[in-house]
Amino acid sequence: MRDYLDFEKPIRELEEKIEKLASAESPKSGTQDEIRKLRTKLAQVEHQLYTTLTPWQRTQLARHPQRPTTLDYINELSREFLELHGDRSFGDDRAIVGGFARFNDRSVMIIGHQKGKTLKERMQRNFGMPNPEGYRKALRLMRLAEKFGRPIITLIDTPGAYPGIGAEERGQAEAIARNLFVMSRLSVPIISVVIGEGGSGGALALGVSDRILMLEHSVYSVISPEGCAAILYDDPSKVPDAAASLKMTAQDLVGLGIVDEVIPEPLGGAHRDPRAMCDRVAKTLANQLYALVELPTDQLIAQRDQKFRKIGVVGGLVPVGA
């Protein structure tokens, strides 16, 4: 069954009317004409709604419970996926999944946040919020990929790093910072895809890469709209305003030069046609990867360095140390 978001109410009402007419045991004359009219109206309403989404509505789509997860993409994009576990220090964090896989007849390392689908799985995956051992597992796999000369693909979908006391005691900040430092110097190509919600340092810990891609209705931000509204406005009703101010949509971030490419989603979001979405992601990844693997290592690292040094440059001013 499809889950509808609040702003999708007009679509739900039309689809329910169409379903009711189509399932009638003794349809009246003219029923098919009525269904055709409703479907035409539905197409118009969907087009109007999804081409004029606000940043807050895009955020809701990015969090949709039926949206494809990292494991969904791995299963569709790759063959012979070998999941690897543990950080070799503390434990195995199920909010991060990763391992070697075959993609377009090339061996790659795929790592990503995993939120889960059902409530039980979401609890097991900690709702996609990694502890430090999750980021240390990711870093171990990245170094393993570098050792064997394999490109790295990261799939980002998290509200943020887990803020619990235990996570802080085990070095959450250090684990994230270590990932940022090491990823900036890895000698193999890295491509990141924001497939849903890219929240704060918890997302950035998998996002220091040569190419950053975003799905059309994904978001990527230093803080959630709810957190921003609480801090700046002390008013929950200001969440939509905060979402707009944060410039967190794919369209905003391409314009700011932070994201390299936006991958279009099926009308209504990735969850409406997961197979088509996976095909689009696969095609974009293949094109980006083809260009990156041809670069010499020194040029690859130099371009990655320059990519991130340019972020935040305003009006010709260069950050200290650049």
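Because only heavy atoms are used, hydrogens play no part in the values below, and waters and symmetry mates are left out as well, while side chains stay in. Predicted, not measured: the structure shown is a model, and the values here were computed from it. The first residue in the sequence is number 1, and the count goes up from there.
The shortest heavy-atom contact between Tyr73 and Ala270 is OH-CB, 4.3 Å. Taking both residues in full, the closest heavy atoms of Leu77 and Cys278 are given as CD2-O, 3.4 Å, listed atom of the first, atom of the second, then distance. The minimum heavy-atom distance between Val193 and Ile263, with the atom names listed, is CG1-CD1, 4.4 Å. Across every non-hydrogen atom of Pro130 and His113, the tightest pair is CG-CD2, 3.7 Å. Met214 and Thr249 make their closest contact through CE-C, 4.3 Å (heavy atoms, listed as atom of the first residue, atom of the second, distance). Here the closest non-hydrogen pair linking Ile176 and Ala205 is CG2-CB, 4.0 Å.
Ion pairing between a basic and an acidic side chain is recognised when a charged N comes within 4.0 Å of a carboxylate O; Arg272 and Glu15 show such pairing. With respect to the salt-bridge test (charged N to carboxylate O, under 4.0 angstrom), the residues Arg309 and Asp305 qualify. Looking at Asp260 and Arg211, no side-chain N of the basic residue comes within less than 4.0 Å of a carboxylate O on the acidic one, giving no salt bridge.
With sequence neighbours excluded, the residues satisfying side-chain hydrogen bond (donor to acceptor under 3.5 Å, both in side chains) with Arg178 are Glu174. Scored by the salt bridge (charged side-chain N to carboxylate O under 4.0 Å, His left out) test, Lys17 finds no partners at all (sequence neighbours excluded). Under the rule for a side-chain hydrogen bond (donor to acceptor under 3.5 Å, both in side chains), Asp93 has no partner lying at least two apart in sequence or in another chain. Evaluation of the salt bridge (charged side-chain N to carboxylate O under 4.0 Å, His left out) rule for Glu146 yields no partner, not counting sequence neighbours. Every residue two or more places apart in sequence or in another chain that forms a side chain to side chain contact (heavy atoms under 4.5 Å, CB included) with Ile35 is listed here: Ile18, Leu21, Ala22, Thr31, Gln32, Arg39. Every residue was checked against the side chain to side chain contact (heavy atoms under 4.5 Å, CB included) condition with Asn75, not counting sequence neighbours, and none meets it. Not counting sequence neighbours, the partners of Asp72 by the salt bridge (charged side-chain N to carboxylate O under 4.0 Å, His left out) test are Lys117. With sequence neighbours excluded, no residue forms a side-chain hydrogen bond (donor to acceptor under 3.5 Å, both in side chains) with Tyr233. Scored by the side-chain hydrogen bond (donor to acceptor under 3.5 Å, both in side chains) test, Arg122 finds no partners at all (sequence neighbours excluded). Scanning for salt bridge (charged side-chain N to carboxylate O under 4.0 Å, His left out) contacts around Glu197 gives Arg63, Lys115, with sequence neighbours left out.
When the side chains of ILVMFWY residues are joined at heavy-atom separations under 4.5 Å, either directly or via intervening members, Met109 and Ile190 end up in a single hydrophobic cluster. Taken together through direct or relayed side-chain contacts under 4.5 Å among Ile, Leu, Val, Met, Phe, Trp and Tyr, Val208 and Ile258 form part of one hydrophobic cluster. Criterion: ILVMFWY side-chain heavy atoms under 4.5 Å apart, direct or through other members. Under it, Leu144 and Phe81 are not part of a common hydrophobic cluster. Residues Leu267 and Leu14 share a single hydrophobic cluster, defined by chaining ILVMFWY side chains whose heavy atoms lie under 4.5 Å apart. Leu42 and Leu53 end up in the same hydrophobic cluster when Ile, Leu, Val, Met, Phe, Trp and Tyr side chains are linked at under 4.5 Å.
With a 4.5 Å cut-off on side-chain heavy atoms, His271 and Leu61 count as touching. Residues Phe90 and Arg136 have side chains not in contact (no heavy-atom distance under 4.5 Å, counting atoms from C-beta outward). Counting heavy atoms from C-beta outward, Ser184 and Phe308 have side chains that stay 4.5 Å or more apart. Within the 4.5 Å cutoff, the side chain of Glu76 has no heavy atoms near those of the Met277 side chain. For the pair Lys307/Arg304, no side-chain contact is recorded, criterion being any heavy-atom separation below 4.5 Å from C-beta on. Put simply, the side chain of Pro189 does not reach to within 4.5 Å of the side chain of Gln288, judged on heavy atoms. In this structure, the side chains of Ile191 and Thr154 stay at 4.5 Å or more apart for every pair of heavy atoms. Side-chain contact between Ile74 and Leu71 is present, with at least one heavy-atom pair separated by less than 4.5 Å.
Taking CZ of Arg280 as the reference point, atom CG of Leu215 lies at 9.5 Å (rounded to 0.5 Å). In this structure, the separation between CG on Leu295 and CD1 on Ile301 is 11.5 Å, given to the nearest 0.5 Å. Once rounded to the nearest 0.5 Å, the distance linking CG of Leu141 with CZ of Arg143 reads 11.5 Å.
The neighbour count for Gln303 CD, taken as heavy atoms of other residues, nucleotides or ligands under 6.0 Å away, is above 12. Residue Asp234 qualifies as open at atom CG: its count of foreign heavy atoms under 6.0 Å is 12 or below. More than 12 heavy-atom neighbours from other residues, nucleotides or ligands sit within 6.0 angstrom of CZ on Arg12. Within a 6.0 Å radius of CD1 in Ile165, no more than 12 heavy atoms belonging to other residues, nucleotides or ligands are found. Residue-environment remark: CZ (Phe181) stays at or below the threshold of 12 foreign heavy atoms within 6.0 Å.
For Thr297 and Ser187, the side-chain atoms include no donor-acceptor pair closer than 3.5 Å. Donor-acceptor pairing under 3.5 Å is recorded for the side chains of Asn131 and Arg170. Checking Glu265 against Tyr50 by side-chain atom types alone, no donor-acceptor pair falls below 3.5 Å. Counting only N and O atoms by type, the side chains of Arg58 and His217 include a donor and acceptor under 3.5 Å apart.
Screening Leu206, Ile110, Asp210, Leu186 for a side-chain contact (heavy atoms from CB on, under 4.5 Å) involving Ile152 leaves a single residue, Leu186. For the side-chain contact (heavy atoms from CB on, under 4.5 Å) with Val194, the lone residue among Asp157, Leu253, Ile156, Val259 that qualifies is Ile156.
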Can you give me every donor-acceptor pair (side chain of residues 97-107, partner residue at least two apart or in another chain, under 3.5 Å) with its distance?
unit_1 : atom_1 : unit_2 : atom_2 : d
Arg102 : NH2    : Asp105 : O      : 2.7
Asp105 : OD1    : Arg79  : NH2    : 3.0
Ser107 : OG     : Arg150 : NE     : 3.2

For residues 236-243, run the donor-acceptor check on the side chains, cut-off 3.5 Å, and write out each pair with its distance to 0.1 Å, sequence neighbours left out.
unit_1 : atom_1 : unit_2 : atom_2 : d
Ser237 : OG     : Asp235 : OD1    : 2.7
Ser237 : OG     : Asp235 : OD2    : 3.0

